[in-house]
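Taking it in order: structure first as structure tokens, then the write-up.
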There are 2 protein chains.
Amino acid sequence: MTPRQNRNRDRADRGIPEATVARLPVYLRALHGLQDRGVATVSSEELATAAGVNSAKLRKDLSHLGSYGTRGVGYEVEYLVYQISRELGLTQDWVVAIIGVGNLGRALAGYGGFASRGFRVAGLLDADDAIVGEEISGMAVEHIDRLEEVIAERSVSIAVIATPAGAAQGVCDRVVAAGVTSVLNFAPVVLSVPDGVDVRKVDLSIELQILAFHEQRKAGGPDGYGDGPPGPAHYVEAVDA
Amino acid sequence: MTPRQNRNRDRADRGIPEATVARLPVYLRALHGLQDRGVATVSSEELATAAGVNSAKLRKDLSHLGSYGTRGVGYEVEYLVYQISRELGLTQDWVVAIIGVGNLGRALAGYGGFASRGFRVAGLLDADDAIVGEEISGMAVEHIDRLEEVIAERSVSIAVIATPAGAAQGVCDRVVAAGVTSVLNFAPVVLSVPDGVDVRKVDLSIELQILAFHEQRKAGGPDGYGDGPPGPAHYVEAVDA
DNA sequence: GTGACTTTGTGCGCGTATTCACAAGGGTTA
DNA sequence: TAACCCTTGTGAATACGCGCACAAAGTCAC
Ligand SMILES: NC(=O)c1ccc[n+]([C@@H]2O[C@H](COP(=O)([O-])OP(=O)(O)OC[C@H]3O[C@@H](n4cnc5c(N)ncnc54)[C@H](O)[C@@H]3O)[C@@H](O)[C@H]2O)c1
Ligand SMILES: NC(=O)c1ccc[n+]([C@@H]2O[C@H](COP(=O)([O-])OP(=O)(O)OC[C@H]3O[C@@H](n4cnc5c(N)ncnc54)[C@H](O)[C@@H]3O)[C@@H](O)[C@H]2O)c1
């Protein structure tokens, strides 16, 4: 009603639900797809379908950033892209270092999906002298001893850990000590970090196990095979008697 | 109280919360670590710490599988490993096919963490003739044209999609048509599948964007920089007037 | 055998997330 | 200008997950 429309970010302030934050990148991706197809305006229904969510959820998510839609019309794609990008912090570049340049590390190093979202890989570090010096995707692998220097000199703000599990906590402690407060961990270990540091993990093995659980259910469930657990003798008490 | 202890899986039947299922693999990993160190018994407190969760949550999670602890003592590591493995369906092997053998696909192909959990990679498929025939980790890459045969002949039950985004939905449709009901997707697209098919996605870019969001918050939030959006002219209405 | 001690299993209250359903708001057309 | 249509933004209801706190249940020492 007020002629002077309230400034941007109306209720955006603090407190966007974590579940919403996790979906914003999905909306953003869908919006980029619409942009590429030259679509200028999109309804919550269409965008929700493209993002694979319920349209009410989409609207509520977007409402957390402010009132950026037009009733009766929908959302302006370009504007929404900008607002979500800003909210996620993608209007600036983020400097990433990848630690552990093995099978996975080098796949990550060459991945184009990083740069296109404003994540700039500024360092590849490894402990193996046979790998140090090697050039991967136009960048030389450096020795892990230089970790602290690299982080400080290049203002690394996100560390990607792709070392074996045993080395991950040690590496994590070092990057945190060096001032990094965001870590993406691929090693199958629970990293412990001080308050104020965010860790996100990607664990393939866990994903497969979750799939296996559901797959088993579809196939008839764990009740499907009649014989009890083939465990050691002292477990029989739990079976019957 | 009943002398005849109720059969295994007391309330295990149907209905283990999804959140619990997602944590069981973490507990399992922690338990394997304890096994390697020769620990025979563990309390919920210890295991919870190792798994990075609250001990009450751990106990409640385990209670969904049945009453497998001993009050005053804790849980027998070996027995718990077996029960969780059984619940997750890891007492049998699962046959996996990896589709798209690029940077990421070949990292996955050589990953030892699969086999150690009972996931057997039985096929590597790609559309690029330059890659087909190549041997990776002791397995020859096959042409995507043979997808349906491979799935049928080797009883593939889990498909891992590591193709470019544009090809993912097409590949997904084919594996689903071929009878696969579990898909792990690395391509940055929302896959649409019929009911009864489970899709889990791993999206690095999303993880980084979530980290960026929190990183930005720590640095002072989106209110940190005073100038309004540098957007096109027709957005100024939303800025002020 | 008994009592003290330890740890499980869970009832309960709380906060968060999801979904429905609709009034309010803006565009559009005659 | 006015009536109509479409879509947003959100109140309210529901479902879900989390963690505290404690009684029940078992062990262990003596
Ligand atoms: N390859 C996959 O597909 C895959 C999948 C899921 C999880 N992972 C996990 O990702 C991690 C890396 O996997 P990978 O297959 O690339 O392993 P890898 O053995 O090929 O590579 C690990 C690299 O880390 C380096 N490294 C070891 N200790 C280090 C240290 N202290 N500092 C710096 N670098 C160090 C090694 O020299 C090696 O180059 C592992 O924890 C693995 O469990 C891998
Ligand atoms: N590399 C990474 O670190 C990384 C990280 C996150 C996500 N991803 C995603 O994973 C996917 C694969 O990434 P990548 O870096 O390995 O890409 P890539 O280009 O190196 O490999 C893709 C492979 O898929 C094959 N392919 C293309 N169309 C196919 C089809 N219809 N059927 C079968 N195979 C086909 C190509 O021949 C190629 O070998 C992409 O969607 C990418 O966005 C990759």
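In what follows, every chain begins at residue 1, and chains take the letters A, B, ... in the order their sequences are listed.
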Round to a whole Å and report the spacing from [atom1] of [X] to [atom2] of [N].
| X | N | atom1 | atom2 | answer |
| --- | --- | --- | --- | --- |
| A:Tyr75 | C:dG25 | OH | C1' | 13 Å |
| B:Asn54 | C:dG9 | CG | C1' | 14 Å |
| A:Leu47 | D:dT7 | CG | C1' | 14 Å |
| B:Glu76 | D:dG26 | CD | P | 16 Å |
| B:Glu18 | D:dA15 | CD | P | 18 Å |
| B:Asp61 | D:dC16 | CG | P | 16 Å |
| A:Leu80 | D:dT7 | CG | P | 16 Å |
| A:His64 | D:dG11 | NE2 | P | 11 Å |

Exercise. Under 3.5 Å, is there a donor-acceptor pair linking the side chains of A:Arg59 and A:Ser44?
Worked result: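 Side-chain D/A pair, A:Arg59 to A:Ser44: present.
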
Exercise. Looking just at side-chain N and O atoms, do B:Tyr79 and B:Gln83 make a donor-acceptor pair shorter than 3.5 Å?
Worked result: yes

Exercise. Is the phosphate of D:dT8, meaning OP1 or OP2, less than 4.0 Å from a side-chain N or O of A:Ser44?
Worked result: yes

Exercise. In terms of the nearest nucleotide of DNA chain C, which residue is placed more toward the 5' end: A:Pro17 or A:Arg71?
Worked result: A:Pro17

For this session: Hey, which sits more toward the 5' end of DNA chain C by its nearest nucleotide, B:Val42 or A:Lys60?
Result: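 With A:Lys60 and B:Val42 compared, the 5'-side residue is B:Val42.
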
For this session: Describe the nucleic acid contact of B:Ala56 in one word from base, sugar-phosphate, nothing, applying a heavy-atom distance below 4.0 Å.
Result: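 It contacts base atoms.
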
Exercise. Is the side chain of A:Thr20 donor-acceptor paired with the backbone N or O of A:Ile16 at a distance under 3.5 Å, no angle test?
Worked result: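 Between the backbone of A:Ile16 and the side chain of A:Thr20 there is no qualifying donor-acceptor contact (under 3.5 Å).
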
Measure from the side chain of [X], starting at C-beta and using heavy atoms only, and say which of [options] lies closest.
| X | options | value |
| --- | --- | --- |
| A:Arg59 | C:dG27, D:dG19, D:dT10 | D:dT10 |
| A:Ala19 | D:dG9, C:dT18, D:dG19 | C:dT18 |
| B:Arg23 | C:dG9, D:dC18, D:dG17 | D:dC18 |
| B:Ser63 | D:dT27, C:dG27, C:dG9 | C:dG9 |
| B:Ser43 | C:dT7, C:dT18, C:dA21 | C:dT7 |

For this session: Calculate, to the nearest 0.5 Å, the distance between atoms CG and CZ belonging to B:Leu58 and B:Arg23 respectively.
Result: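 These two atoms lie 9.0 Å from each other.
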
Seminar exercise, completed: Of all heavy-atom pairs linking A:Glu207 and B:Val202, the shortest is CG-CG2, 3.9 Å

